[in-house]
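As structure tokens, the structure follows; a few thoughts come after it.
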Protein chains: 2
Amino acid sequence: MANIHDVARVAGVSISTVSYALSGKRPIGEKTRLRIDEAVRELDYMPNAAGRMLAGTRTRIFALTAPLRSDTYAPAHMAFVLSVVTAARKYDYDVLLLTEDEATDGLRRVSSSRLVDGIIVLDVSMNDERADLVRSLGVPAALIGVPRNAEGLVCVDLDFEAAAGLAVDRLVDAGHTSLALLGHPAAVYERGSNFPMRFRDGFLRRAAEREVAASFTMVEKEAAQVRSALAELLDADQAPTGLVVHGEEGVHKTLLDAVAGRGLSIPGDLSIIAGVPTFDTSAFTPPLNVIPLIPADSCTRAVELAVQQLDGAVAPRVELVAPRYRDHGSVAAPRPGP
Amino acid sequence: MANIHDVARVAGVSISTVSYALSGKRPIGEKTRLRIDEAVRELDYMPNAAGRMLAGTRTRIFALTAPLRSDTYAPAHMAFVLSVVTAARKYDYDVLLLTEDEATDGLRRVSSSRLVDGIIVLDVSMNDERADLVRSLGVPAALIGVPRNAEGLVCVDLDFEAAAGLAVDRLVDAGHTSLALLGHPAAVYERGSNFPMRFRDGFLRRAAEREVAASFTMVEKEAAQVRSALAELLDADQAPTGLVVHGEEGVHKTLLDAVAGRGLSIPGDLSIIAGVPTFDTSAFTPPLNVIPLIPADSCTRAVELAVQQLDGAVAPRVELVAPRYRDHGSVAAPRPGP
DNA sequence: GGCATTTGTCGAAACGTTTCGATAGATGGA
DNA sequence: TCCATCTATCGAAACGTTTCGACAAATGCC
């Protein structure tokens, strides 16, 4: 396999000239550069990664630590991983994958052996030991998700409060004056991540700001529970006409079945918006308007911030990604009251 | 960050002594080794990865190319990826993740820049361009799945024929004399991977060997189609009493519903074995006996073969992993005939 | 006690880059 | 024409390891 000396010999120049010609860090004469390009092609030269890492100060590799917790939705998880890789490649970075069982040891290993230039931390939970580790390692890093103690860390996450606010806005704008949020099971709000709370708070706050009635219900996953939660809401006085659903895929489907079972049409009788899912609500029957959690959005930004940390210091921060709204026709004006 | 010179200085030895002490490749005196260990701890020394790669002949990194085709079941896919990483770590290897869009370019890049020592190719399809590329690169590689042209390649896959044979054996051993295989939709047998055919062939061959009646039906995914396929089978003369199902998760569930809907009990009226799924059939109602496709089995072996290629040449081969049978109580003796 | 072998350690070369400083030649200004 | 500046190129050092060959000291054998 050809090395830079071979290229230099064939092109009749010194190796430093080859290096500068390829990196473009110093001006090289037109004719010389052409000869070098020619030699590179002829020899099928590609710089040796190890040599580069050693001489340069960069390895051009990021570590990605991606726990696969049992409550993680696998397709979404995969989408996050792939988004990170894709984003990293835009900056000419490769991604080394660390698994859950090696989370902290692996991070320690790859960072203190200088195998990676930085770390992307996926699916960060409230009390994530990786957060503290990353802080103590002092390595460039970007977390996706916000730990309880985010001090000194660079974090990226969807703006869940704004997302919920956006859902409220769309429903109120359509004319709804009584809204309900169907949330995760109670257990989710007690432990784990904080985003369900942030979504709930955003929902209630914006509803208050818009001066509309709003309720929040935690819904267990079982079909029967979903049905009874829906019944309780719709059978009440002042029943909500606009629903925001923040839950798992199955809950959405059960809910849609239950709505259909009651003979209600969407959006004729009931408007529904799905909140920050990672699955595709446009394939539901009927398709649901949605404020999706888009892996590429957070991942791209996280990689960007990691790259920036390499040359300029980036101030620690929690950066919230703006939510987007996708209309699939599940929101309309409420029926005029009886 | 400390380097080997620092360690040598603190321990009062030369750097080569440090290197040998850490690698164990030459005997080092007891006292010297202790001094070196002490210095390593004191300085929190960890060998620099780039220096190692450059001087040694190994990078201790494998590339993993894992396409995420739309028809891939994401949780299984993720399980394969994680299994590869876990297996690689056993050999002190890290894994660099390449995505679909960079499949061939990425492989070319990381192998000709000598960033990786070898390649693990996941989810290999019949006409997989990565197979030809890997062959032409001449880099140590192990494929999981078997391409049409496996010449010169090291491939690992589940022994689908044996798996189907195992299912037949268990049913026949339980006393069944009329079996049926419910397979994938017809389209799957026409394009894509060849394992559905291998499973089907294994089923029919073993049934013939065991001298029992056996039928094969391709089943579309829609619930109605599943139900009618089941009806057609069970309403026939000489209806099968033992079923083998090779399909997606949804098809299994629909099938179980349909069976229950006909008032049949499992395994009282009907014995069922699920063939080579990646999902968990023990959580079904009722739980199904299964010959699972276990990611860790193939991945471990693939990594092993990749590692072996690094020092001894490994002869090209297609290595089939033995299937395993898991009993969850869905097979019993058939009811005595009428 | 002399010689061959083993054990423990060292120095130096090699791996393949990047990059700093130097230099020769070309260009420009006065 | 002389000096300053700029452009294009080169040589050499540095990055941090591993490993080969050498060698001194310790050990074993007769």
Side-chain angles (χ1 to χ4, degrees), chain A residues 1-37 39-40 43-61 92 109-117 310-311, chain B residues 1-37 39-40 43-61 92 109-117 310-311:
Chain A
M1 191 142 288
N3 64 19
I4 200 174
H5 290 95
D6 299 325
V7 175
R9 186 165 29 71
V10 169
V13 296
S14 73
I15 62 161
S16 53
T17 302
V18 174
S19 180
Y20 284 122
L22 294 179
S23 71
K25 294 193 177 173
R26 280 195 189 177
I28 296 291
E30 174 76 4
K31 280 163 50 188
T32 312
R33 207 188 43 247
L34 288 177
R35 278 211 316 282
I36 291 175
D37 288 350
V40 165
L43 297 170
D44 198 19
Y45 168 72
M46 179 153 282
N48 177 288
R52 254 187 157 168
M53 290 184 198
L54 190 54
T57 46
R58 302 285 161 81
T59 66
R60 305 215 78 90
I61 300 178
D92 212 20
R109 180 170 53 79
V110 298
S111 73
S112 59
S113 69
R114 299 236 102 96
L115 177 53
V116 304
D117 291 340
L310 298 175
D311 17 49
Chain B
M1 192 143 285
N3 63 20
I4 199 173
H5 289 96
D6 299 325
V7 176
R9 187 167 28 73
V10 169
V13 297
S14 74
I15 62 161
S16 52
T17 303
V18 175
S19 180
Y20 285 121
L22 295 180
S23 71
K25 293 194 178 174
R26 281 195 187 176
I28 295 292
E30 175 76 5
K31 280 163 51 188
T32 311
R33 206 185 46 247
L34 288 176
R35 277 212 317 283
I36 291 174
D37 287 351
V40 165
L43 298 170
D44 197 21
Y45 168 72
M46 179 154 283
N48 177 289
R52 254 189 157 164
M53 290 184 198
L54 190 53
T57 48
R58 300 288 160 79
T59 66
R60 305 217 77 91
I61 301 178
D92 212 20
R109 179 171 54 79
V110 297
S111 73
S112 59
S113 70
R114 299 239 103 100
L115 177 53
V116 304
D117 290 341
L310 297 176
D311 18 48

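The figures that follow rest on heavy atoms only: side chains count, while hydrogens, waters and symmetry mates do not. Quick note on labels: first sequence line is chain A, next is B, and so on, each numbered from 1.
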Return yes if some donor-acceptor pair links the side-chain N/O of [X] with the main-chain N/O of [Y] below 3.5 Å, else return no.
X      : Y      : value
A/N3   : A/D6   : yes
B/R35  : B/A11  : yes
B/S113 : A/M46  : no
A/R58  : A/D117 : no

Please state whether the phosphate of C/dC10, meaning OP1 or OP2, lies under 4.0 angstrom from any side-chain nitrogen or oxygen of B/S14.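 Checking B/S14 against C/dC10: at least one side-chain N or O falls below 4.0 Å of OP1 or OP2.
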
So, OP1 or OP2 of C/dG16: does either fall under 4.0 Å of a side-chain N or O from A/N48?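 So the side-chain polar atoms of A/N48 never come under 4.0 Å of the phosphate oxygens OP1 or OP2 of C/dG16.
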
What integer distance in Å separates [X]:[atom1] from [N]:[atom2]?
X     : N      : atom1 : atom2 : answer
B/E30 : C/dT9  : CD    : C1'   : 16 Å
B/R52 : D/dT19 : CZ    : C1'   : 14 Å
A/L34 : D/dA8  : CG    : P     : 13 Å
A/Y20 : C/dT17 : OH    : P     : 15 Å
B/R9  : D/dG16 : CZ    : P     : 13 Å
A/N3  : C/dC15 : CG    : P     : 8 Å
B/R60 : D/dG16 : CZ    : P     : 21 Å
A/K31 : D/dA8  : NZ    : P     : 12 Å

Starting from the 5' end of DNA chain C, give me the residue, A/H5 or A/R26, whose nearest nucleotide shows up first.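 The 5'-side residue here is A/H5.
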
Residue met sooner reading DNA chain C from 5', once A/S23 and B/V13 are mapped to nucleotides: B/V13

From [options], nucleotide with atom closest to [X] side chain:
X     : options                : result
A/I28 : C/dT17, D/dT9, D/dG16  : D/dT9
A/I4  : C/dT18, D/dT9, D/dG16  : C/dT18
A/P47 : C/dG8, D/dT19, C/dT17  : C/dT17
A/L54 : C/dC10, C/dG16, D/dT19 : C/dG16
A/K25 : C/dT17, D/dT18, C/dT19 : C/dT19
B/S19 : D/dT18, C/dC20, C/dT18 : D/dT18
B/T17 : C/dT17, D/dT17, C/dC10 : C/dC10

For a quick check, tell me whether the side chain of B/S16 and the base of C/dG11 share a donor-acceptor pair closer than 3.5 Å. yes

Over 12 foreign heavy atoms within 6.0 Å of CZ, B/R109: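 Above 12, so yes.
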
Can you establish whether the number of heavy atoms outside B/R114 located under 6.0 Å from its atom CZ is more than 12? no

Please compare A/I15 and A/P27 by the position of their nearest nucleotide in DNA chain D and report the one closer to 5'. A/P27

